[in-house]
Amino acid sequence: MVNELYPYIVEFEEEAESPGLETHRKRKRSGNSDSIERDAAQEAESSTGLEPGSDSSQCSVPLKKGKDAPTKKESLGHWSQGLKISMQDPKMQVYKDEQVVVIKDKYPKARYHWLVLPWASVSSLKAVTGEHLELLKHMHTVGEKMIADFAGSSKLRFRLGYHAIPSMSHVHLHVISQDFDSPCLKNKKHWNSFNTEYFLESQAVIEMVQHAGRVSVRDGMPELLKLPLRCHECQQLLPSIPQLKEHLRRHWPK
DNA sequence: GTTCTAGAAC
DNA sequence: GTTCTAGAAC
């Protein structure tokens, strides 16, 4: 029944339907039934709350086999558009007001990890102008309210900020606790995106917009993601992600 | 963004 | 032999 909602996925995967003599491992790469179920379940998770009729291209395309059947997932189904879908899903919304909505990050990189998104369509920091100043301030204020309301009694430190080069469309403010205690934190890119200058402090972004009317991002951001792993609390270098995660435990509040 | 895995690192 | 990372694929 889940698959009925996602004709694209079925269409897209069906050509690879014969695992046959080859190993499942090999076939999975090109999409066997295992990955159909996984993808469909994952996609469904973030879009089952869409209001009926709110997006016919996503929900109501009949499953048709033929020349005009899509052979690939289309733009709305692309992973980079996931926030737009999630933010509309009432089950994902932790807070909302007239200007913004807050959702939990689907793959949290710490014990607390929210995303604050404006209802207004602002594609990225590149599109931000002086007209967005009050919106950015409000996003920050709401982020602080999330901390106060849901982690006020914890001893955790928080940071609020933006990724210099986000993967997902639509401006989103990260509100993340500094334990980085999460199974979803898995690699160097994850770490460095929150613990180098790749992470742009919300306050600094606000001040940039105040003084320059836009957000300027320095060159060399992709390289920051490849820097050696360094503890954000004591600056110690760690040789691997597992060792970093073990090290971080010593900084957790008691 | 995530998953998956070849092959590097240990 | 096992762990871990990096890059392709999605």
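Being a predicted model, the structure only gives us computed values, none of them experimental.
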K.L.:
Would you indicate which nucleotide in B:dT3, C:dC4, B:dT2 comes nearest to any side-chain atom of A:K109?
P.N.:
B:dT2

K.L.:
Write down the distance between NZ (A:K189) and C1' (C:dG7), rounded to a whole number of angstrom.
P.N.:
11 Å

K.L.:
Taking the ring of A:H174 and the ring of A:F194, is the distance between their centroids below 6.0 Å?
P.N.:
yes

K.L.:
Let me know the distance between NE2 of A:H190 and C1' of B:dG1, rounded to the nearest Å.
P.N.:
8 Å

K.L.:
Rounded to the nearest angstrom, tell me the gap between atom NZ in A:K186 and atom P in B:dC4.
P.N.:
9 Å

K.L.:
Checking all strands, does A:S80 fall into the base, sugar-phosphate, or nothing category for heavy-atom contacts under 4.0 angstrom?
P.N.:
nothing

K.L.:
Calculate the interatomic distance between A:K245 atom NZ and C:dC4 atom C1'; express it in whole Å.
P.N.:
13 Å

K.L.:
Rounded to whole Å, please give me the gap between CD in A:Q243 and P in C:dT2.
P.N.:
19 Å

K.L.:
Among C:dG7, C:dC4, B:dT3, which nucleotide sits nearest the side chain of A:Y107?
P.N.:
B:dT3

K.L.:
B:dT2 P sits how many Å from A:I241 CD1, rounded?
P.N.:
13 Å

K.L.:
Would you say a side-chain N or O of A:K226 is under 4.0 Å from OP1 or OP2 of C:dG7?
P.N.:
yes

K.L.:
Which part of the nucleic acid, if any, lies within contact of A:L83, taking any heavy atom under 4.0 Å across all strands shown: a base, the sugar-phosphate backbone alone, or nothing?
P.N.:
nothing

K.L.:
Rounded to the nearest angstrom, tell me the gap between atom NE2 in A:H113 and atom C1' in B:dT2.
P.N.:
15 Å

K.L.:
So, A:T141 versus A:E144: side-chain donor-acceptor pair below 3.5 Å or not?
P.N.:
no

K.L.:
Between C1' on C:dA9 and NE2 on A:H78, what's the gap in Å once rounded to a whole number?
P.N.:
11 Å

K.L.:
Ring of A:W252, cation from A:R111 - is the NZ or CZ under 6.0 Å from the centre and inside 45° of the axis?
P.N.:
yes

K.L.:
Taking the six-membered ring for Trp, is the centroid-to-centroid distance between A:F158 and A:Y112 below 6.0 Å?
P.N.:
yes

